[in-house]
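Just so it is clear: chains get the letters A, B, ... in the order the sequence lines come, proteins before strands, and each one is counted from 1.
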Protein chains: 2
Amino acid sequence: MRKIAESTVRRLSLYLRFLEEFEEQGIETVSSEALAARGGTTSAQVRKDLSFFGSFGKRGLGYSVQELVQKLRGILGLGRTYRVAMIGAGKIGSALVQYRGFKQRGFEIVAIFDTDAAKVGRGWNGLTVQDARELESALRDQRVDIAVIVTPADSAQNVADRCVALGIKAVLNFAPVQLTVPDDVVVKTVNLALELETLSYALTNR
Amino acid sequence: MRKIAESTVRRLSLYLRFLEEFEEQGIETVSSEALAARGGTTSAQVRKDLSFFGSFGKRGLGYSVQELVQKLRGILGLGRTYRVAMIGAGKIGSALVQYRGFKQRGFEIVAIFDTDAAKVGRGWNGLTVQDARELESALRDQRVDIAVIVTPADSAQNVADRCVALGIKAVLNFAPVQLTVPDDVVVKTVNLALELETLSYALTNR
DNA sequence: GGGCTTTTGTGAAATCTTTCACAAATGTAG
DNA sequence: CTACATTTGTGAAAGATTTCACAAAAGCCC
Ligand SMILES: NC(=O)c1ccc[n+]([C@@H]2O[C@H](COP(=O)([O-])OP(=O)(O)OC[C@H]3O[C@@H](n4cnc5c(N)ncnc54)[C@H](O)[C@@H]3O)[C@@H](O)[C@H]2O)c1
Ligand SMILES: NC(=O)c1ccc[n+]([C@@H]2O[C@H](COP(=O)([O-])OP(=O)(O)OC[C@H]3O[C@@H](n4cnc5c(N)ncnc54)[C@H](O)[C@@H]3O)[C@@H](O)[C@H]2O)c1
């Protein structure tokens with residue numbers, strides 16, 4: 001498949017969310033113009049984004065909301081459930097484990113790990129926090145698609161290495177470090193400091 | 001000032017973090033090559049990014065770590081403390097309020113608001129959760145530079161509108177909605193679903 | 001001081017992304 | 001069935017960002 005820009009993928013994900021809203025409201029067709037208005041972009045952008053994957057609309061009419069939802073789910077790989085391991089049972093890990101939006105969108109947390117003896121064995125939202133030393137043995141038995149790293153910054157790379165060794169190909173990282181992984185593993189880092197500093201820059205240079 | 005790309009600002013923020021590491025390690029000068037290697041980019045990119053703001057290096061030698069840290073702090077507007085209001089005292093709000101990295105980098109939480117009577121009045125990390133109805137009166141008395149919105153999605157726009165009315169010019173939003181604000185207000189949205197779906201796309205299309 | 005090495009700063013080129021603009025469909029109304 | 005109004009899909013143009021490549025600066029050594 002032709003290389004698709006990350007910005008395009010992010011917009012597709014946004015479009016999907018808007019289309020789901022439209023679907024709930026009983027709207028059956030939508031034009032690129034309407035979709036663009038909802039998402040703060042342009043109709044040409046919407047059409048171009050979609051055109052990388054096929055032609056899903058009807059000229060003169062627009063797109064069938066239901067059909068486009070299906071197509072986008074397919075393109076984004078959302079026709080299935082992803083099994084997620086949470087590594088680190090701290091403050092952020094706790095918020096994420098309790099977050100319903102996760103499962104709602106097909107990402108199911110199936111295991112939680114921590115090194116802290118005080119946390120291991122505790123029940124968390126129906127799951128038991130496991131000792132991080134058991135990461136390898138536990139994940140040999142059950143498939144995990146995505147690892148979420150919410151450990152302190154100084155253990156994040158080590159945790160990532162172990163996940164890679166276990167064959168995990170996708171990592172969502174909250175530790176404020178730049179992780180090094182092989183080319184076939186994809187990492188997304190959510191770096192709060194970076195977001196805040198972008199705001200700081202914007203506030204300063206106006 | 002000439003328009004600077006957001007990608008450039010984000011990289012400057014990353015460079016700053018790496019430079020601070022170098023500083024701690026007692027490294028005094030660094031070349032664009034070394035900085036690039038640390039951050040997964042290229043030396044030309046580093047030099048170009050910096051060149052938008054001036055010339056900070058010495059040919060043949062590289063950059064003084066200490067001096068570049070100062071310059072970047074200045075460029076990013078980090079020579080001061082920002083006063084932050086947390087709106088929503090739920091799971092994510094709780095994690096953020098307890099997060100030390102926030103204050104460490106100059107972002108000080110000075111107020112927390114919630115609508116839930118069970119939470120109002122409780123002490124949170126040295127602050128008292130205030131009734132969200134008091135947002136206007138409370139923030140008229142004390143300056144707030146940045147609002148962090150961690151309320152459910154369906155109240156996020158309303159909260160944003162109230163913040164805008166109070167003159168707040170920067171918002172960090174965790175609710176999975178696209179906020180509408182005037183041009184002179186800057187919003188950064190951290191959308192977990194989007195990040196996960198980017199991973200899903202990457203896992204699917206390989 | 002002159003030659004050598006290193007590394008910056010920056011125009012120009014290459015690449016990537018967005019916007020434009022219009023022919024081709026498609027439905028609708030008369 | 002024809003004319004008309006819409007709206008898609010897409011090359012081409014415009015704009016933005018990254019990479020290239022090299023002259024100029026600066027330290028070092030003899
Ligand atoms: N709390 C926030 O709001 C916030 C915001 C942005 C980023 N972060 C980052 O997210 C990460 C976690 O933050 P937190 O506030 O939840 O910290 P925390 O200290 O509350 O939690 C970290 C947890 O990881 C566990 N841990 C340590 N090493 C481990 C290992 N090798 N394997 C498994 N578990 C391990 C600790 O026992 C602890 O329970 C940090 O890197 C932090 O910088 C946090
Ligand atoms: N928990 C997570 O891991 C997570 C991850 C990503 C995004 N989010 C998003 O962050 C937001 C908060 O999530 P959460 O898990 O903390 O939810 P939560 O329900 O734990 O907390 C939300 C809090 O906001 C309060 N609130 C409601 N309306 C308010 C108003 N108008 N003003 C002030 N406070 C108000 C509620 O009383 C509650 O205490 C949601 O939009 C959620 O989708 C959460």
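- Judged purely by atom type and a 3.5 angstrom limit, A:Thr204 uses its side chain to pair as donor or acceptor with the backbone of A:Ser200.
- Between A:Leu68 atom CG and D:dT8 atom C1' there is a gap of 13 Å when expressed in whole angstrom units.
- Contacts between residues 19-45 of chain A and DNA chain D, defined by a heavy-atom separation below 4.0 Å, involve A:Ser31, A:Ser32, listed by number.
- When each of D:dT18, C:dT10, D:dT10 is scored by its nearest atom to the side-chain atoms of A:Ser51, the top-ranked nucleotide is D:dT10.
- Annotation: side chain of B:Glu28 is not in contact with side chain of B:Ser64 (no heavy-atom distance under 4.5 Å).
- A donor-acceptor pair under 3.5 Å is formed between the side chain of A:Gln157 and the backbone N or O of A:Thr180.
- Note on ring orientation: taking the six-membered ring where Trp is involved, the planes of A:Tyr82 and A:Phe107 are parallel (angle under 30°, cut-offs 30° and 60°).
- Rounded to whole angstrom, the span from the CG atom of A:Leu50 across to the P atom of D:dT7 amounts to 16 Å.
- Between the CZ atom of B:Arg10 and the P atom of D:dT17 there is a distance of 14 Å, rounded to whole Å.
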### Message
Under the criterion side chain to side chain contact (heavy atoms under 4.5 Å, CB included), I'd like the reasoning laid out for B:Leu72 against B:Ile75: C-alpha separation, chi angles, the key distance, then a yes or no.
### Response
CA-CA 5 Å; B:Leu72 287 181; B:Ile75 291 165; 4.2 Å; yes
### Query
Reading nucleotides 24-30 of chain C from the 5' end, what letters show protein touch, with B for base, S for backbone sugar-phosphate only, - for no heavy atom under 4.0 Å?
BBBS---
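- In this structure, B:Lys3 places its NZ atom 13 Å from C1' of C:dT18, rounding to the nearest Å.
- Here A:Asp49 does not pair with A:Arg10 in a salt bridge; the nearest charged N to carboxylate O distance is not below 4.0 Å.
- Within the structure, every side-chain polar atom (N or O) of A:Tyr63 is placed at least 4.0 Å from both OP1 and OP2 of D:dT6.
- Distance CZ (B:Phe56) to P (C:dT10): 11 Å, rounded to an integer number of Å.
- Atom CD1 of B:Ile4 is separated from atom P of D:dT18 by 12 Å (rounded to the nearest Å).
- A:Asp114 places no side-chain N or O within 3.5 Å of a backbone atom of A:Val120 that could act as its donor or acceptor partner.
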Pairs under 3.5 Å (N/O, protein and nucleotides 11-15 of chain D):
{"from": "D:dG11", "atom 1": "N7", "to": "A:Lys48", "atom 2": "NZ", "distance (Å)": "3.4"}

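- A salt bridge does not link B:Arg83 to B:Glu108: none of the charged nitrogens lies less than 4.0 Å from a carboxylate oxygen.
- Between A:Glu197 and B:Arg105, at least one side-chain N (NZ, or NE/NH1/NH2) sits under 4.0 Å from a carboxylate O, which counts as a salt bridge.
- Remark: the backbone N or O of A:Leu194 is paired with a side-chain donor or acceptor of A:Thr198 at under 3.5 angstrom.
- Under the 4.0 Å criterion applied to side-chain N and carboxylate O atoms, A:Arg206 and B:Asp184 are not assigned as salt-bridge partners.
- A:Asp49 places its CG atom 14 Å from the C1' atom of C:dC16, with the value rounded to the nearest Å.
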